[in-house]
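The block underneath contains the structure these notes are about, expressed in structure tokens.
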Amino acid sequence: MAKLVLTLIGDDREGLVSALSSVVADHDGNWLESQLARLAGKFAGVALVEVPDSRANAFRAAARTVEGLDVVVTPADGEVAGEGTPVTLNLVGNDRVGIVREVTSTLARQGITIDELHTSTRPAPMAEGKLFEAVAQLRVPGDVELTTVREQLEAIASELMVDIDVDETPDDL
């Protein structure tokens with residue numbers, strides 16, 4: 001079986017997922033995982049599917065023809081086992097330019113991998129402006145102490161004027 005990663009974007013409308021999932025099923029494929037969202041009137045996401053090797057080329061061609069959806073099909077390189085301690089990062093603060101850059105740069109300098117990152121903005125209660133919120137699932141290498149991660153993030157939290165909380169993720173999540 002060929003495992004394929006699909007990246008997709010298009011103007012949001014009803015039936016996009018149905019149309020794409022029909023292409024998968026029509027090629028004897030299986031929809032394995034996905035993260036899909038509506039953002040600013042666009043529908044965007046990433047999905048992992050598998051199709052029989054003999055149908056992979058036909059599937060690639062058909063997936064690119066879903067009306068209203070730009071689909072890029074990329075072979076999956078296989079599962080990469082996540083090594084390290086799973087941690088959850090929660091961040092909230094007044095929105096400003098550079099928050100994501102500062103946090104992700106700090107994580108990268110410590111060799112921390114981001115498994116998932118969800119961000120959003122919303123009106124700030126009792127104040128003008130917006131709040132920025134982020135939740136990230138991270139993987140901290142074995143040679144990096146969680147206290148060091150917290151210290152590094154707390155240092156930039158003061159500069160960014162945000163609250164950052166980092167906790168080990170229970171194994172059952």
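Excluded from the calculations below are hydrogen atoms, water molecules and symmetry mates; all remaining heavy atoms, backbone and side chain alike, are included. Numbering starts at 1 and runs along the sequence shown.
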Practice task
Tell me whether Leu146 is reachable from Ile156 by hopping between hydrophobic residues (I, L, V, M, F, W, Y) whose side-chain heavy atoms are closer than 4.5 Å.
Solution key: yes
Handout entry: Hydrophobic cluster membership, Val144 vs Leu153, 4.5 Å side-chain cutoff
Key = yes
Answer whether the closest heavy-atom distance between the side chains of [X] and [Y] falls below 4.5 Å.
X      : Y      : value
Arg60  : His27  : no
Gln110 : Val149 : yes
Arg122 : Glu133 : yes
Phe132 : Thr119 : yes
Val49  : Leu32  : no
Ser34  : Val46  : no

Problem - Stepwise side chain to side chain contact (heavy atoms under 4.5 Å, CB included) test for Phe59 and Asp26 - result: CA-CA 9 Å; Phe59 170 77; Asp26 290 347; over 6 Å; no
Rounded to the nearest 0.5 Å, what's the gap from [atom1] on [X] to [atom2] on [Y]? Could you check?
X      : Y      : atom1 : atom2 : value
Leu20  : Glu67  : CG    : CD    : 13.5 Å
Leu107 : Ile114 : CG    : CD1   : 5.5 Å
Leu138 : Thr113 : CG    : OG1   : 9.0 Å
Arg38  : Leu36  : CZ    : CG    : 14.0 Å
Trp31  : Leu48  : CH2   : CG    : 10.5 Å
Leu16  : Leu8   : CG    : CG    : 8.5 Å

For [X] and [Y], which heavy atoms make the closest approach, and how far apart are they?
X      : Y      : answer
Asp167 : Asp165 : OD2-OD2, 2.7 Å
Val71  : Arg64  : O-CG, 3.6 Å
Leu131 : Pro125 : CD1-CD, 3.7 Å
Ala134 : Leu117 : CB-CD1, 4.4 Å
Leu4   : Pro75  : CD2-CA, 3.9 Å
Gly29  : Val51  : CA-CG1, 3.7 Å

Tabulate below the donor-acceptor pairs under 3.5 Å that side-chain atoms of residues 89-105 make, not counting sequence neighbours, or state none.
from   : atom 1 : to     : atom 2 : distance (Å)
Thr104 : OG1    : Val100 : O      : 2.7
Thr104 : OG1    : Arg101 : O      : 3.4
Ser105 : OG     : Arg101 : O      : 2.7

Problem - Sidechain N-carboxylate O distance under 4.0 Å for Arg139, Glu83 - result: no
Exercise for the section: Look at Lys42 together with Asp12 and state whether they make a salt bridge at an N to O cut-off of under 4.0 Å. Expected result: no
Exercise for the section: Decide side chain to side chain donor-acceptor pair (under 3.5 Å) for Gln137 and Thr88; before the verdict, give the C-alpha distance in whole Å, the side-chain angles of both, and the deciding distance to 0.1 Å. Expected result: CA-CA 5 Å; Gln137 300 303 316; Thr88 301; 3.1 Å; yes
Problem - Evaluation steps, side chain to side chain donor-acceptor pair (under 3.5 Å), between Arg109 and Thr106 - result: CA-CA 5 Å; Arg109 282 191 300 274; Thr106 299; 3.2 Å; yes
Problem - Residue pair Asn30, Val24: steps toward the side chain to side chain contact (heavy atoms under 4.5 Å, CB included) verdict - result: CA-CA 7 Å; Asn30 189 22; Val24 174; 5.7 Å; no
Practice task
If a pair satisfies side chain to side chain donor-acceptor pair (under 3.5 Å) and one of its residues is in residues 44-55, list it, with sequence neighbours excluded.
Solution key: Asp28-Arg55
